[in-house]
Amino acid sequence: MTELKLRLQRGNNQKMVTVAQDIYIVGRLPECDLYLPFAGVSRCHARFTKKNNGLWTVEDLGSKNGTVLNEKAVASPTVICHGDVIWVGDISLVVLLSVPPQPVETKYANFSSGKAILRNVKQLQQQWIGAEVSGDINNKDITIARLKDLVDIAKNLSGATSIEEIFSQVQQVVFRYLSSIDRLALLIDVYNCGNLLLMNAATRNVNNTQQLMADDSWISKSICQEVFAEKVAIQSADTHQDERFDQEHSVFFKGIGSAMAVPLWDEDKVVGVLYADANFTSYHWIKEGSEDLSFFSTLGNIVASSVQRWLLVEKLKSEEVIRQRLERYHSPAVVQQLIDLGALPNGRIPPKESEISILFADVVGFTAISERFSPSEIAELLNKLFEEMLQEVFAYGGTLDKYIGDCIMAFFGAPEPQTNHADRAVAAAMRMLARLENLNFNQFWEEPLQLRIAINSGKAVVGDIGSSQRVEYTALGATINLAARMERVCNPGECVVSEQTYKMLSKPSRFKLMGQYRFKGINRLVKVYHNRKR
């Protein structure tokens, strides 16, 4: 059984305690199992619990100052390992776990005959780190050297900013100590969807490394998926004699003689897999494979936190790029919703058919205005006007499609569906007209400005359209074409809507029939309604 000891230190005072029960409470109350009558310690501060699988966890019991594990606040029951440092107030508790040597467990066959070994990752790490080193002096020296390298890697990885930098550290120590492997790969669940992507690879023959990255077919996907999904470490000294891979013909054709893989397990989340294999059977593993697997698993655990940090940084970078792009089109609320829902695979919003209301708002007499003012003055006018009008579009959940000269093209009902998109479009139009009227009253420009606004509703294809060099989020279809035509029959300072939009309004009484019109490219008469004057 795993024995837990805690080495307490407060200032220069040290004390060793043995945890003799499966549930062990630390706190300021005398009835606590570990009585700590010091400032900063809550009455019932933390609890250590031994699980059925032999692992120990620490849990904060709602203490005022919190419980800290390895400089990270404990938010939920967390597995502890040999050497962990836990802070309770100003008292440090160093975790000391003793794990007696245990026979190697196998799931599918006897390991000594070259078959697969499948082990719990946490137990492997504790067995390798916590067990006393036995054997000759050379083995002890190797184990000590490995420990030193792991400490150095942990330090170096804390400042790693790229996957290449992380993998370089891993590659060096793996090829130094695990002589039975020829190829190494780092696979990561980059998009948090269970799909492992090859991020980096290396071989002892440096000339073949580029080929490994170009084609990931050499990797056993079945082994990696098992490791990733089940949170276990797998090792096979002879895949050709391994019953586990009887149905995996690809293992034979890929020339995999022996293989080993461990999950990159950061707390309760698996973020990837560290995979290694060789073309030949590893007779070394048949005798002493558990030691290598334990070391490889511990290395994977160290790498996991760096990978998780890299993933977080990349996610923040991606979200910032997406946010900057989307804020040109959507209200802040819609932008956040898109990011939260992850609605941008490959950075694009895929085109799809949506029910929308499209709005065109055009400045009346803009050509004549352009003749009377300089280009810089016109640019200043449009910048100020668009800034004002767009606030009303965004206020009703609208999406900016584009600016076409002096015209604003916006739509409602996408990318997120809005059942009342017609009402939203009309409300935004009315507010735009009222806002411009108020701007004119306050002498927004040297002369009063007017808008014509046209709205039509119906089906349209909405999404990212364009080439790899230039992409535009836009709406396409006959619904948009009709709205653009309708704007030309609108009177200055008014809003017109199509019959389709009129029928969808919750309060259509504010509009009256203006007439029936025939527009270019549309082979039917179209009823157009305009807003009643106040």
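Numbers here are sequence positions counted from 1. Everything quoted here is computed from the prediction, not taken from an experiment.
Inter-residue side-chain proximity for F296 and D292 is flagged as unmet; no heavy-atom pair is nearer than 4.5 Å. By the 4.5 Å heavy-atom criterion applied to side chains, I25 and R47 are counted as neighbours. Looking at T67 and I86, their side chains come closer than 4.5 Å, going by heavy atoms from C-beta outward. The side-chain heavy atoms of N192 and K269, taken from C-beta on, include a pair separated by under 4.5 Å. Between V85 and W87, some side-chain heavy-atom pair lies under the 4.5 Å cut-off. Using a 4.5 Å cut-off on side-chain heavy atoms (C-beta onward), L359 and F411 make no contact. In this structure, W265 and V271 have side chains that are not in contact, with every pair of non-hydrogen atoms separated by 4.5 Å or more. Two residues are said to be in side-chain contact when any heavy atoms from C-beta on lie closer than 4.5 Å; I181 and R204 meet this criterion.
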**Request:** Could you check L196 against I188 for side chain to side chain contact (heavy atoms under 4.5 Å, CB included), going step by step and ending with a plain yes or no?
**Result:** CA-CA 5 Å; L196 293 171; I188 299 177; 6.0 Å; no

**Message:** Between L55 and K50, is the side chain to side chain contact (heavy atoms under 4.5 Å, CB included) condition met? List the steps.
**Reply:** CA-CA 6 Å; L55 299 181; K50 187 175 185 179; over 6 Å; no

**Item:** Check against side chain to side chain contact (heavy atoms under 4.5 Å, CB included), L4 and L96
**Value:** CA-CA 6 Å; L4 171 63; L96 302 174; over 6 Å; no

**Request:** Walk me through it: do W310 and E165 pass the test side chain to side chain contact (heavy atoms under 4.5 Å, CB included)?
**Result:** CA-CA 11 Å; W310 175 81; E165 195 174 349; over 6 Å; no

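Remark: side-chain polar atoms of R424 are not paired, donor with acceptor, to backbone N or O of Q418 under 3.5 angstrom. For D182 (side chain) and T203 (main-chain N/O), no donor-acceptor pair under 3.5 Å exists by modelled atom type. Distance alone, capped at 3.5 Å, is enough to place a donor-acceptor pair between the H45 side chain and the G66 backbone. Of the possible donor and acceptor atoms, none in the side chain of N200 sits under 3.5 Å from a partner among the backbone N and O of F167.
The minimum heavy-atom distance between I166 and V303, with the atom names listed, is CG2-CG1, 3.9 Å. Looking at every heavy atom in both residues, L264 comes nearest to V307 through CD1-CG2, 4.1 Å. Shortest non-hydrogen contact noted between V393 and A428 is CA-CB, 4.4 Å. Taking each heavy atom of G194 and Q225 in turn, the nearest pair found is O-OE1, 4.0 Å. Contact detail for L400 and M409: the closest heavy-atom pair is CD1-O, 3.6 Å. Shortest non-hydrogen contact noted between W218 and A185 is CH2-CB, 3.6 Å.
Between the CD atom in E59 and the CD1 atom in I80 there is a gap of 12.5 Å [rounded to 0.5 Å]. Rounded to the nearest 0.5 Å, atoms CE (M16) and CD (Q9) are 11.0 Å apart. To the nearest 0.5 angstrom, D216 atom CG is 9.0 Å from L197 atom CG. Rounding to the nearest 0.5 Å places OG1 of T399 at 9.5 Å from CD1 of I358. Going from atom NE2 of H82 over to atom NZ of K5 covers 11.0 Å, rounded to the nearest 0.5 Å. Separation of atoms CG (L293) and OG (S236) is listed at 11.5 Å; rounding is to 0.5 Å.
For the 3.5 Å distance criterion, the side chains of N301 and T298 fail to qualify, holding no donor opposite an acceptor. Side-chain N/O atoms of T474 and K402 include a donor and acceptor closer than 3.5 Å. There is a side-chain donor-acceptor pair under 3.5 Å between D277 and Y275. Donor-acceptor pairing under 3.5 Å is recorded for the side chains of D33 and Q21. For the residue pair S457 / S357, a side-chain donor-acceptor distance below 3.5 Å is found, with atom types taken as modelled.
Other residues, nucleotides and ligands contribute only 12 or fewer heavy atoms inside 6.0 Å of the CZ atom of R43.
Of the listed residues (L34, V26, V94), just one forms a side chain to side chain contact (heavy atoms under 4.5 Å, CB included) with L8, and that residue is L34.
Below 30°, between 30° and 60°, or above 60°: for Y177 and F295 the angle between ring planes is above 60°, a perpendicular geometry.
Partners of K51 under the side chain to side chain contact (heavy atoms under 4.5 Å, CB included) rule, at least two apart in sequence or in another chain, are T49, N53, T57.
Aromatic ring centroids of Y396 and F412 lie 6.0 Å or more apart.
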